[in-house]
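Note that ligands are numbered from 1 as they come in the structure, with each ligand's atoms numbered from 1 the same way.
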Amino acid sequence: MGKVTDTPQWHTLEQAAQQVRRTHMRDIAADPGRGRTVASGAGLHLDWSRQRVSAEVLAGLLELARACGLHQRVEAMFTGERINATEKRAVLHTALRAAPGKHVIVDGVDCVALASATRAAMATFTDAVLSGAARGCTGAQFTDVVNIGIGGSDLGPVMVAEALRDQVTGLRPHFISNIDPTDAFETLRGLNPETTLVLIASKTFTTAETMANARLVRQWLVDGLPAASDVGQHLVALSTAVGLASDFGVLPERVFGFWDWVGGRYSVASAIGLSVMLAVGVDTFEELLAGMRAMDEHFLAAPSGENLPVLMGLLGVWNRDFLDIPTRAVLPYEQYLHRLPAYLQQLTMESNGKSVGLDGTPVTVQTAPILWGEPGTNGQHSFHQLIHQGTQAVACDVIVFARSRHDAAGQHLTLLANALAQAQVMALGRSATELAEAGVAADLIAHKVMPGNRPCTLISAPMLTAHALGALIALYEHATFVEGVIWGINSFDQWGVEYGKEVATALVPLLQGDRAAADVPEFTQASVELLRSMQ
Ligand code: F6P
């Protein structure tokens, strides 16, 4: 297939977009022939009734997906084809949570069996730690777990641990990611080496930040334990690089592996999730994976017009490429999901922040939007002004749960009312006529008009459980993949983050005073000298 923008399906949607741009959301919403705008799957509900999508546009998007061979690409991913073409790797985060008895064979190896065996080892270790059978070198029971990792080796575990915070019955989870020594200092402050278990989470076991922090924390253990030889009792590695983990001093039985067919930003269901399992226990972690599996099965089986990841992915393409909206806000009206936007930033922008297609030529579409967000209602007191009256439209995902885990005096109903109110005003706005009819002073009307036409998807579920969280994670994972298929890009490599690491490595000796260490641009040299003058 050539460029997606050369297809008749794309041209049809461009025509439809011209019509939609001339039609306000108010009229689209009022269209009796619009058809269904809610779909359900894996315990979640996706409501696109506030999206600028008519029945014609939806049909066009589904036709575009068919023309792009979406169904075939989904099958290719789930069956272990090497769809990560530039790294020649399969993409099998779905194998991490596949039902027992499923088999996905890559190079003669059953990936599902591998994942199940590792998860069983994780569970055995977790049970030993939480029962006290596995203790620190002084005999003290572990009370805290520190996960050292960055990117996908941090953001997923942090987000899930925070989302399930009131279900932490095991070790208290802590996370170090930034090479800024303040991160380790503040995280370790108040922790006792004798009762702290340290996980070094790194797919490659080479990431500079993670290895620097691993050395720093290992020294913290050495300084705080009776003998340096005891450190091994407190160290665990989560990695594909078993040899490097052993070289670091991690005991072989404390290395929990995963494989190159698990992308970092898709890895929370792998050994990378061990900090979560140690915090919430094996059963709750299994519930998380059950939710992911439910969404996987829905993604595979549901007709495209009722398929939540397909619909969400196509809405993403529609808003980005046809309505020309370059940014997307994720607004969880659930405080426990306060780290969800940060997690989704890596998932979506490291996956689809690309400008070259699978064919190696520049894309002819706009790809990933800038994703950001904060929980509601806090965002309403921060950036919602821009959403409602800024010069640039923002596409929003509003996430709500019918029941709170901690309702006090009906506050949860007020939270829900705010979520629905924001979604309504984003879509419909408030016209000058409505303002005048409401008696607003004439000289203020212009200042109070809200254009609306800010597209919003409402995602809902009964309550934030581990299962619902798993389904939500998988929904975004697969929607990201759908977008990548339509855009014709590889969503699973990340070449753009490599060069910056090389430049940083070359700059360290310069900052240490070795002026000949590297040939750098004048502005960098000037900054190095200014910073050194202040040290
Ligand atoms: O940001 C680049 C990246 O490779 C991510 O894709 C990955 O999640 C992160 O760095 C950490 O990599 P590792 O788990 O190998 O330390």
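Contact analysis puts Q346 in contact with ligand 1, with a non-hydrogen atom separation below 4.0 angstrom.
Atoms of ligand 1 lying under 4.0 Å from any heavy atom of G152, numbered from 1 in the order shown and given with element: 7 (C), 8 (O). Near G264, with a cut-off below 4.0 Å to any heavy atom, the atoms of ligand 1 are 8 (O). Here is the list of ligand 1 atoms found below 4.0 Å of a heavy atom in V497: 2 (C).
Ranking protein heavy atoms by distance to atom 4 (O) of ligand 1, first place goes to K501 NZ, 4.1 Å. The nearest protein atom to atom 12 (O) of ligand 1, hydrogens excluded, is given as T207 OG1, 3.5 Å; this is a heavy-atom distance. In this structure, atom 11 (C) of ligand 1 lies nearest to the protein heavy atom I150 O, 3.3 Å. Of the protein's non-hydrogen atoms, E350 OE1, 2.6 Å is the one closest to atom 6 (O) of ligand 1.
Distance alone, capped at 3.5 Å, places no donor-acceptor pair between the H174 side chain and the D144 backbone. Without hydrogens or angle criteria, D110 side chain to V104 main chain gives a donor-acceptor distance under 3.5 Å.
Taken from OH in Y343 to CG in L337, the straight-line distance is 12.0 Å, to the nearest 0.5 Å.
Here's the thing with F205: none of its N/O atoms is less than 3.5 angstrom from an N/O atom of ligand 1. Among the atoms of E498, none of the N or O lies under 3.5 angstrom from an N or O of ligand 1.
Counting heavy-atom neighbours within 6.0 Å of D283 CG, excluding the residue itself, gives a total of 12 or less. Heavy atoms of other residues, nucleotides or ligands lying less than 6.0 angstrom from NZ of K102 number 12 at most.
In T204, the parts holding a heavy atom less than 4.0 Å from any atom of ligand 1 are both the side chain and the backbone.
Screening residues 267-295 for ring-ring contact (aromatic ring centres under 6.0 Å, His included) gives no qualifying pairs among residues at least two apart or on separate chains.
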